[in-house]
Amino acid sequence: METYFDGRASGYGHLDWHIGYAERFVELANLSSGMRVLDAATGTGLAALAAARVVGTSGQVVGVDISAGMLEEAERLLAESELANVAYLKADVTALDEFETESFDAVLCCAGMLYLQADRALAAWHRALKPGGLVGFSAMRAGFPVAARLFRECAADFGLALSDPMSEVGSEVRSREVVSRAGFAFERAVPDVIGLPPKSARDLWRSHAVSPHYPEVTSLTSEELAAFEFSYVARFGDVLGKPGTFDLPVIYIYARKL
């Protein structure tokens with residue numbers, strides 16, 4: 001997983017939709033001046049920077065990620081921002097052994113739940129939060145984006161049963177269940193739709209074929225992979241011109257530590 005994100009780090013923080021997604025997520029969190037915030041799975045620090053601007057010089061944001069490549073890019077973007085209230089740490093956001101219990105006023109995770117085991121992550125965040133502290137995360141709706149759903153459907157033709165990585169938290173009902181199970185009081189789920197930049201069918205197939213969500217793909221022979229790609233490209237062509245093909249329905253989830 002770390003190597004995968006290291007390879008994606010360059011340019012990640014400059015994609016307009018990533019920036020807008022992070023800023024909207026932080027805006028809805030309603031942070032206040034002076035808060036100490038943990039940005040879990042910070043990536044290139046887009047949400048961390050947005051949070052730092054809200055909590056101000058009397059507050060602090062700590063961004064945590066497993067990817068050294070992402071954190072290197074985050075440090076570069078931080079230097080450009082001239083903010084002095086952000087620090088980054090390479091660590092496992094589903095453990096957070098580096099932090100004492102009740103260290104933070106808020107734990108945020110923008111886009112990271114796609115790659116995390118929800119129960120384990122929320123348990124670690126619950127421990128790190130002060131009583132009454134805020135937890136917030138964003139989630140793609142289960143079954144989206146369209147390109148990923150189509151990839152899983154095509155995979156079934158080659159004997160692969162690929163799971164939707166958003167099945168744990170990809171709806172209001174499931175997200176409410178998972179935060180309640182971790183000891184949080186659910187507050188709200190805010191729906192939104194992100195417009196993803198269009199990509200070619202072949203580029204989408206390649207990105208899904210190497211995704212850490214679908215390790216089963218490596219079991220296919222080279223001939224099967226070629227047939228899989230051909231099938232995917234053909235089927236994606238059928239939906240390419242339809243409205244919403246590159247829309248990404250998301251949910252912003254917020255809850256409080258009891």
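The structure places CG of Asp203 at 11.0 Å from NE2 of His208, a figure rounded to the nearest 0.5 Å. With values rounded to the nearest 0.5 angstrom, Glu153 atom CD is found 10.5 Å from Ser231 atom OG. Rounded to the nearest 0.5 angstrom, Leu96 CG and Arg127 CZ are separated by 6.5 Å. Taken from NZ in Lys90 to CD1 in Ile66, the straight-line distance is 7.0 Å, to the nearest 0.5 Å. Taken to the nearest 0.5 Å, the CG atom of Leu129 stands 12.0 Å off from the CZ atom of Phe99. The structure places CE of Met166 at 9.5 Å from OG of Ser175, a figure rounded to the nearest 0.5 Å.
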**Report entry** Residues Val135, Leu122; criterion side chain to side chain contact (heavy atoms under 4.5 Å, CB included); working and verdict
**Finding:** CA-CA 8 Å; Val135 67; Leu122 285 163; 4.1 Å; yes
Query - Derivation of the side chain to side chain donor-acceptor pair (under 3.5 Å) call for Ser138 and Tyr21 - result: CA-CA 9 Å; Ser138 65; Tyr21 187 25; 2.9 Å; yes
Requested in this report: Mind running salt bridge (charged side-chain N to carboxylate O under 4.0 Å, His left out) on Arg256 and Glu187 for me, showing each step along the way?
Outcome: CA-CA 7 Å; Arg256 295 275 174 185; Glu187 282 195 346; 3.0 Å; yes
**Report entry** His213 vs Tyr115, side chain to side chain contact (heavy atoms under 4.5 Å, CB included): CA-CA, chis, key distance, verdict
**Finding:** CA-CA 8 Å; His213 294 126; Tyr115 301 97; 3.3 Å; yes
Report task. Run the numbers on Met113 and Glu168 for side chain to side chain contact (heavy atoms under 4.5 Å, CB included), then give the verdict. Result -> CA-CA 9 Å; Met113 292 299 276; Glu168 281 190 296; over 6 Å; no
Requested in this report: Just do the side chain to side chain contact (heavy atoms under 4.5 Å, CB included) check on Tyr254 and Phe25 with the steps written out, would you?
Outcome: CA-CA 10 Å; Tyr254 303 94; Phe25 168 65; 3.4 Å; yes
Report task. Would you please test Asp65 and Ser67 for side chain to side chain donor-acceptor pair (under 3.5 Å) and show each step? Result -> CA-CA 6 Å; Asp65 204 281; Ser67 167; 4.6 Å; no
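Formation of a donor-acceptor pair under 3.5 Å by the Glu216 side chain with backbone atoms of Leu160 is not found in this model. Checked by atom type and distance alone, the side chain of Ser163 never pairs as donor or acceptor with a backbone atom of Pro165 at under 3.5 Å. Between the side chain of Asp164 and the backbone N or O of Gly143 there is at least one donor-acceptor pair closer than 3.5 Å. A donor-acceptor contact shorter than 3.5 Å links the side chain of Lys257 to the backbone of His126. Although no hydrogens or angles enter the test, the distance criterion places no donor-acceptor pair under 3.5 Å between the side chain of Ser180 and the main chain of Glu177. No donor-acceptor pair under 3.5 Å is formed between the side chain of Asp39 and the backbone N or O of Gly63. Of the possible polar contacts, none joining the Tyr232 side chain to the Ala227 backbone as a donor-acceptor pair under 3.5 Å is found. Side chain of Trp125 to main chain of Cys109: no donor-acceptor pair is present (N/O by atom type, distance under 3.5 Å, no hydrogens or angles).
Of all the heavy atoms in Phe144 and Asp247, the pair that sits closest is CD2-O, 4.4 Å. The minimum heavy-atom distance linking Asn85 with Gly56 is given by the pair ND2-O, 2.8 Å. Minimum heavy-atom separation, Ala185 to Leu258: CB-CD2, 3.4 Å. Across every non-hydrogen atom of Ala47 and Val26, the tightest pair is O-CG2, 3.6 Å. Nearest heavy atom pair, residue Leu196 against residue Pro145, reads CD1-CB, 4.1 Å. In terms of heavy-atom proximity, Gly112 sits nearest to Leu116 at O-CG, 3.3 Å.
One hydrophobic cluster holds both Leu204 and Leu240 under the rule that ILVMFWY side chains link at heavy-atom gaps under 4.5 Å. When the side chains of ILVMFWY residues are joined at heavy-atom separations under 4.5 Å, either directly or via intervening members, Trp17 and Ile19 end up in a single hydrophobic cluster. Linking ILVMFWY side-chain heavy atoms closer than 4.5 Å, directly or via other members, places Val217 and Val233 in two distinct hydrophobic clusters. Follow the hydrophobic side-chain contacts under 4.5 Å out from Phe186 and you reach Val178 in the same cluster. No single ILVMFWY cluster, assembled from side-chain heavy atoms under 4.5 Å apart, contains both Val146 and Val193.
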Output a table of donor-acceptor pairs, distance under 3.5 Å, between side-chain atoms of residues 28-37 and any protein atom two or more places apart or on a different chain; print 'none' if there are none.
from: Ser33; atom 1: OG; to: Ser58; atom 2: OG; distance (Å): 3.3
from: Arg36; atom 1: NE; to: Gln60; atom 2: OE1; distance (Å): 2.8
from: Arg36; atom 1: NH1; to: Ser103; atom 2: O; distance (Å): 3.0

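Using a 30° and 60° split on the angle between ring planes, Trp205 and Phe228 fall in the perpendicular class, above 60°. Between Phe246 and Phe236, the ring-plane angle classifies as perpendicular under the 30° and 60° cut-offs.
Annotation: salt bridge (charged side-chain N to carboxylate O under 4.0 Å, His left out) contacts of Lys130 (sequence neighbours excluded): Asp105.
Between Arg53 and Glu23 there is a salt bridge, since a side-chain N of the basic residue sits under 4.0 Å from a carboxylate O of the acidic one. Ionic pairing of Asp238 and Arg235 is not present here: no N-O contact between side-chain nitrogen and carboxylate oxygen is shorter than 4.0 angstrom. With respect to the salt-bridge test (charged N to carboxylate O, under 4.0 angstrom), the residues Glu80 and Arg76 qualify. Checked for salt-bridge contact, Arg141 and Glu172 meet the test: a charged N lies under 4.0 Å from a carboxylate O.
For CD of Glu224, the number of neighbouring non-hydrogen atoms (other residues, nucleotides, ligands) closer than 6.0 Å is greater than 12.
Side-chain polar atoms of Arg152 and Tyr214 form a donor-acceptor pair below 3.5 angstrom.
Each of Leu49, Leu78, Leu77, Leu71 was evaluated against Thr44; a single residue qualifies, Leu77, per the side chain to side chain contact (heavy atoms under 4.5 Å, CB included) test.
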